[in-house]
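In what follows, residues are counted from 1 in the order of the sequence shown. Atoms within a ligand are numbered from 1 in the order they appear, just like the ligands themselves.
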Amino acid sequence: MVAKQRVIRVSTEQPNYAVCVLGIEVSIDIYGSIPKGSTSFDVRGTAGVGVYVVYNPEVVTALKGPSKWPLDVGVEVRVTMKSPSKVVNDNKVRVSYYGPTGQTPIASAWLYITCMAMSLDADTGRTGMVESKATNKTKWTWGPNGEGAILLVNCDRDGPSSGNMDNAYPYVRSHADLQDLSLVVLNTEGPADVFESHTLLLHISMFDATRVRVFQEGGNASLSSYEHILGSDKLSHTVGCKGGKERHAFYVEGLAFPDADFKGLVYLNATLLERASQNSPATPVFTETVVFRVAPWLMTSSTMKPLEIFVCSIKKGHNTNEKFLEAIKALAEKAGCKLTVCPEMENRGDRWIQDEMEFGYVEAPHKTFPVVFDSPRNRGLVEFPFKKILGPDFGYVTREPKNGRISSLDSFGNLDLSPPVKVKGKEYPLGRILIGSSFPGSGNRKMAKIVRDFLYAQKVQSPVELYSDWLTVGHVDEFLSFVPAPDRKGFRLLLASPLACLKLFKEKQKEGYGNAALFEGLGKVGKITLDELLEDRLLRSDSKYVQSCIDWNRSILKRELGLSERDIIDIPQLFTLEDATATALFPDMVNMVVLGKHLGIPKPFGPIIHGQCCLEANVRSLLEPLGLSCTFIDDFFSYHVLSGEIHCGTNVCRAPFSFHWWNIIP
Ligand SMILES: *[C@@H]1O[C@H](CO)[C@@H](O)[C@H](O)[C@H]1NC(C)=O
Ligand SMILES: *[C@@H]1O[C@H](CO)[C@@H](O)[C@H](O)[C@H]1NC(C)=O
Ligand SMILES: CC(=O)N[C@H]1CO[C@H](CO)[C@@H](O)[C@@H]1O
């Protein structure tokens with residue numbers, strides 16, 4: 001698409017004056033004042049002006065003589081300037097009109113041009129540095145060869161230490177805060193006198209004004225010298241230009257993530273305006289635009305490097321978790337991962353820290369920081385993400401349904417991310433988001449639309465909806481997990497499998513261990529022998545049903561993640577139905593915490609055969625060949641009997657992907 005060209009009029013009656021911008025071609029209207037009797041013209045410029053005659057050679061024949069052209073419609077004169085003016089009107093263009101025979105012109109039109117240099121520059125090359133002389137600044141393109149600047153939602157709290165997120169304040173809060181903003185430089189050069197009749201305006205649209213804020217760098221190092229110039233109450237700002245070579249620096253702050261009503265692009269425009277006289281309104285001469293894309297909120301996958309594991313301490317009541325905490329501490333040490341225990345004062349008896357929040361991050365070439373997504377679930381841990389996680393270089397975002405109606409499916413144990421996958425030739429280098437949902441058409445529980453809309457709008461981790469409503473709690477982490485693997489796609493999908501469990505138990509029965517029992521040694525819990533289990537018709541029919549629910553998802557996962565059977569490992573697990581929804585019969589082993597190659601797996605308390613639990617032995621035989629280390633952790637009374645397990649009771653902040661999201665082609 002060709003930009004609309006500016007047209008400058010000339011006249012043989014009096015000289016005309018124009019301000020042009022370096023590098024921008026303008027058209028001269030030679031037809032506006034053709035003197036009577038003239039049939040041809042020539043045009044010349046002084047040394048600083050490039051003059052071009054544009055015509056269609058099939059229609060127009062150049063006349064004899066070096067530079068005469070017929071005054072035919074279709075011949076057009078264009079000029080570009082070679083360097084900024086030192087003084088006003090230092091460039092001249094003359095258009096001379098001739099009669100059919102004349103050697104001397106009938107009349108001439110003079111145009112005096114002042115050239116301004118003006119360029120609005122940002123990190124369009126995505127190198128972390130402002131790029132000057134960039135092309136294509138008005139277009140934002142995806143991919144490794146893409147161009148366009150990036151903006152972060154300034155949702156962390158660099159300080160002062162209390163209060164809201166930094167972008168809640170219309171001022172720069174600290175020097176650290178400044179690092180989260182994107183630098184934009186407006187370079188200008190031109191004679192001072194130009195600014196008697198011209199002004200330079202920075203402006204944004206009303207739509208963008210609620211999503212972006214601009215500060216102007218002050219004259220000194222003091223933060224108070226950073227002036228808030230554009231935002232919801234300020235759509236335009238006149239840049240104070242004195243003339244000569246000038247550099248004006250601005251800092252742009254993102255206020256909102258992409259969402260259902262916001263594609264993520266914001267435009268910052270600089271327009272040179274001309275005022276023909278004191279009282280007439282100004283007209284635009286030239287506009288320079290920089291487009292930014294607001295960086296999406298990105299999730300991390302369980303196969304990625306763990307940085308910090310969070311777990312709640314529960315000391316009051318029956319189901320204390322002191323022993324569990326010790327086991328998690330040991331596992332974190334082995335994995336070289338920091339442990340943070342959320343004390344009872346902060347968790348207020350709520351141990352389901354996976355459900356309260358999801359750790360992710362935002363990334364721009366100049367800055368990356370983690371961002372916690374606070375779920376609308378809001379139980380005892382409701383205050384924790386905002387009060388304890390939000391902080392310097394740790395951002396915060398939340399979405400809550402306006403009607404306040406939420407279900408168990410709104411917990412973030414029901415939100416997961418696959419490792420990077422390739423599906424029928426399409427790459428998902430940042431994985432795909434997995435959301436547990438209800439059976440099509442059942443009208444049952446579903447994650448709140450406002451949360452799903454947000455997740456879809458981030459665009460680069462294209463969500464897949466699974467079927468999890470068949471579970472009593474209803475979270476995807478009750479039946480699936482991803483672990484790292486040295487081969488194939490770099491990971492395995494673990495799926496809970498009732499049929500694999502029944503098969504294993506039948507084998508053990510055949511080998512003569514029908515008397516071995518589930519829950520042996522758990523004291524209060526009644527043990528069940530393999531013979532009893534395998535005779536239980538209800539358990540068999542429940543298992544068949546649960547397996548069909550998981551298989552349903554298995555086929556979605558295979559299709560949407562491009563997996564084959566060899567990428568999937570079935571983990572033996574039984575569920576029982578109560579009121580038509582499923583609950584794990586013994587600790588749900590796929591609901592594990594993955595810290596690199598160290599897995600913290602719920603201890604299943606399976607039948608002991610040859611001195612070891614046959615379920616543990618089976619899982620070890622499946623996972624250890626992948627170089628994984630299995631630690632079975634007792635969560636029976638502290639989590640399992642309360643309808644959750646280790647994954648539900650932990651949360652892990654992980655290192656970001658090394659792949660840059662802007663290199664995706666979504
Ligand atoms: C800024 O420029 C862009 C691209 O040319 C345009 O679409 C947008 O409407 C302009 N915005 C304002 C506020 O002038
Ligand atoms: C810095 O500039 C601001 C306003 O531009 C002014 O109020 C302040 O006094 C200046 N500070 C110093 C240390 O010069
Ligand atoms: C095979 C398949 O795609 N099944 C369904 C699984 O569950 C989700 C969400 O409930 C549906 O969207 C799928 O169609």
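We find that Arg399 and Asp453 are not joined by a salt bridge, their nearest charged nitrogen and carboxylate oxygen being 4.0 Å or further apart. A salt bridge links Asp261 with Arg211: the closest approach of a Lys/Arg side-chain nitrogen to an acidic carboxylate oxygen falls below 4.0 angstrom. Ion pairing between a basic and an acidic side chain is recognised when a charged N comes within 4.0 Å of a carboxylate O; Arg377 and Asp410 show no such pairing.
Counting atoms of ligand 1 from 1 in the listed order, those under 4.0 Å from a heavy atom of Ser205 are 13 (C). Those atoms of ligand 2 with a heavy atom of Asn220 less than 4.0 angstrom away are 1 (C), 2 (O), 3 (C), 8 (C), 10 (C), 11 (N), 12 (C), 14 (O).
Among protein heavy atoms, atom 5 (O) of ligand 2 sits closest to Ser225 CB, 3.7 Å.
Protein heavy atoms are found less than 4.0 angstrom from atom 2 (O) of ligand 2. Put simply, atom 7 (O) of ligand 2 has no protein non-hydrogen atoms near it, under 4.0 Å away.
Backbone and side-chain nitrogen or oxygen atoms of His203 are examined, and one is located within less than 3.5 angstrom of a nitrogen or oxygen of ligand 1.
Heavy-atom contacts from other residues, nucleotides or ligands closer than 6.0 Å to NZ of Lys263 number 12 or fewer.
At a heavy-atom cutoff of 4.0 Å, ligand 1 is contacted by no atom of Leu235, backbone or side chain.
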Sequence neighbours left out, cut at 3.5 Å: what donor-acceptor pairs do the side chains of residues 359-368 make with other protein atoms?
residue : atom : partner : partner atom : Å
Tyr361  : OH   : Phe657  : N            : 3.2
Glu363  : OE2  : His660  : ND1          : 2.6
His366  : NE2  : Leu181  : O            : 3.1
Lys367  : NZ   : Asp180  : OD1          : 2.8
Lys367  : NZ   : Asp393  : OD1          : 2.8
Lys367  : NZ   : Asp393  : OD2          : 3.4

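Both tests do not hold together for Arg126 against Trp142: distance to the six-membered ring centre under 6.0 Å, angle to the ring axis within 45°.
Taking each of Asn269, Leu268, Thr289 in turn, the one with a heavy atom nearest to atom 11 (N) of ligand 1 proves to be Asn269.
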